[in-house]
Amino acid sequence: MADAPYTLVLLRHGESEWNEKNLFTGWVDVDLTEKGRGEALRGGRLLREQGLLPDVCHTSVLRRAIKTSVLALDEADRHWVPVRRSWRLNERHYGALQGKDKAQTLAEFGEEQFMLWRRSYDTPPPPLADDAEFSQVGDARYLDLPPEVLPRTECLADVVVRMLPYWYDAVVPDLRRGQTVLVAAHGNSLRALVKHLDGISDTDIAGLNIPTGIPLVYRLDADLRPTVPGGEYLDPEAAATAAAAVAAQGRKR
Ligand SMILES: O=C(O)[C@H](O)COP(=O)(O)O
């Protein structure tokens with residue numbers, strides 16, 4: 001398609017153990033659930049059935065995204081493509097909320113504060129202490145980062161700032177080589193990328209939620225602009241239902 005020379009596939013990891021428990025996760029490196037592994041396999045099957053065969057994959061350095069990419073690529077018979085990993089695709093760091101129950105947080109702090117921390121563009125949760133149980137300080141995969149770069153909390157604006165250099169330096173060159181690129185990442189790092197791609201306002205991004213395990217396909221024009229705003233989910237009905245469930249997560253008992 002000359003008017004859409006570039007194909008980008010976004011895939012949020014399958015359900016994680018802390019998604020199932022309704023806990024704020026952020027940079028805590030939890031595993032997929034059995035359901036999440038099934039979602040990843042289905043995502044790969046949808047890619048294969050649609051002929052959307054990745055030539056390269058980019059993931060975060062968190063196992064839920066890495067394992068999702070391995071399962072999906074294997075199911076699409078593309079397990080052999082090159083993979084690059086970066087902390088810049090990590091989930092948003094949830095600060096002192098990491099490990100806390102979403103429903104309890106909502107009950108304790110109220111709807112307004114909960115939504116500010118969870119979905120505002122520029123209000124981060126309180127920072128996580130370096131000696132806290134769910135801190136990433138000292139984690140081997142981040143030892144090359146200057147201490148001041150390692151986040152202790154992030155708002156979505158912070159994620160945009162640390163994700164975009166990777167988008168421009170690693171993902172865009174692969175797209176411009178004509179490769180079909182799979183980005184296997186997280187709800188908020190993908191919200192940050194979608195915000196950039198679709199030019200979504202700082203206010204409107206609060207209403208956008210990304211479901212687990214369902215490929216979101218962007219066909220981009222020569223200027224890397226989406227030819228279909230918002231992209232196209234390979235299972236639109238399931239995606240709409242699952243995105244609504246993500247939005248309501250704070251209320252899950
Ligand atoms: O990090 C987490 O808790 C989830 O993966 C994303 O959570 P959210 O949808 O509440 O931002």
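Counting starts at 1 for both ligands and their atoms, following the listed order. Bear in mind the structure is a predicted one, so any value in this text is a computation, not a measurement. Side chains included, hydrogens not; waters and symmetry mates left out as well; all remaining heavy atoms used.
- Between N188 and ligand 1, an N or O atom pair is found at a separation short of 3.5 Å.
- When R191, R118, E15, K102 are ranked by how near their heavy atoms come to atom 7 (O) of ligand 1, first place goes to K102.
- Interface atoms of ligand 1 facing R119, defined by a heavy-atom separation under 4.0 Å, are 8 (P), 9 (O), 11 (O).
- The environment of CD in E49 is crowded: more than 12 heavy-atom neighbours from other residues, nucleotides or ligands sit within 6.0 Å.
- Using a 4.0 Å cut-off between charged side-chain N and carboxylate O, R45 and E75 make a salt bridge.
- Of all protein heavy atoms, the one lying nearest to atom 5 (O) of ligand 1 is E91 OE2, 3.1 Å.
- For ligand 1, the polar-atom distance check against F24 finds no nitrogen or oxygen pair separated by under 3.5 Å.
- Using bins of under 30°, 30° to 60° and over 60° for the plane-to-plane angle, the ring pair F24/F114 lands in the tilted bin.
- Not a single heavy atom of H93 sits less than 4.0 Å from an atom of ligand 1.
- The atoms of ligand 1 that sit less than 4.0 Å from any heavy atom of R12 are 4 (C), 5 (O), 6 (C).
- For ligand 1, the atoms closer than 4.0 angstrom to any heavy atom of G26 are 1 (O), 2 (C).
- In terms of protein heavy-atom proximity, atom 2 (C) of ligand 1 is closest to T25 N, 3.4 Å.
- Taking the charged nitrogens against the carboxylate oxygens, K100 and E108 have no contact shorter than 4.0 Å, which rules out a salt bridge.
- Shown are E91, R64, Q98; of these, the side chain to side chain contact (heavy atoms under 4.5 Å, CB included) with T25 is made only by R64.
- Counting protein heavy atoms only, atom 11 (O) of ligand 1 is closest to Y94 OH, 2.5 Å.
- Near L23, the atoms of ligand 1 lying under 4.0 angstrom from a non-hydrogen atom of the residue are 3 (O).
- Between D55 and R78, at least one side-chain N (NZ, or NE/NH1/NH2) sits under 4.0 Å from a carboxylate O, which counts as a salt bridge.
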TODO: Please assess N188 against R119 for the test side-chain contact (heavy atoms from CB on, under 4.5 Å), listing each intermediate value before the final yes or no.
DONE: CA-CA 9 Å; N188 290 295; R119 284 293 179 267; 3.5 Å; yes

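- Neither the backbone nor the side chain of R92 comes within 4.0 Å of ligand 1, counting heavy atoms alone.
- Salt bridge D174/R84: absent, no basic N to carboxylate O contact under 4.0 Å.
- Ring geometry for W27 versus H93: interplanar angle of 30 to 60°, hence tilted.
- Residue contacts with ligand 1 for W18 are absent, since no atom lies close enough (heavy atoms, distance under 4.0 Å).
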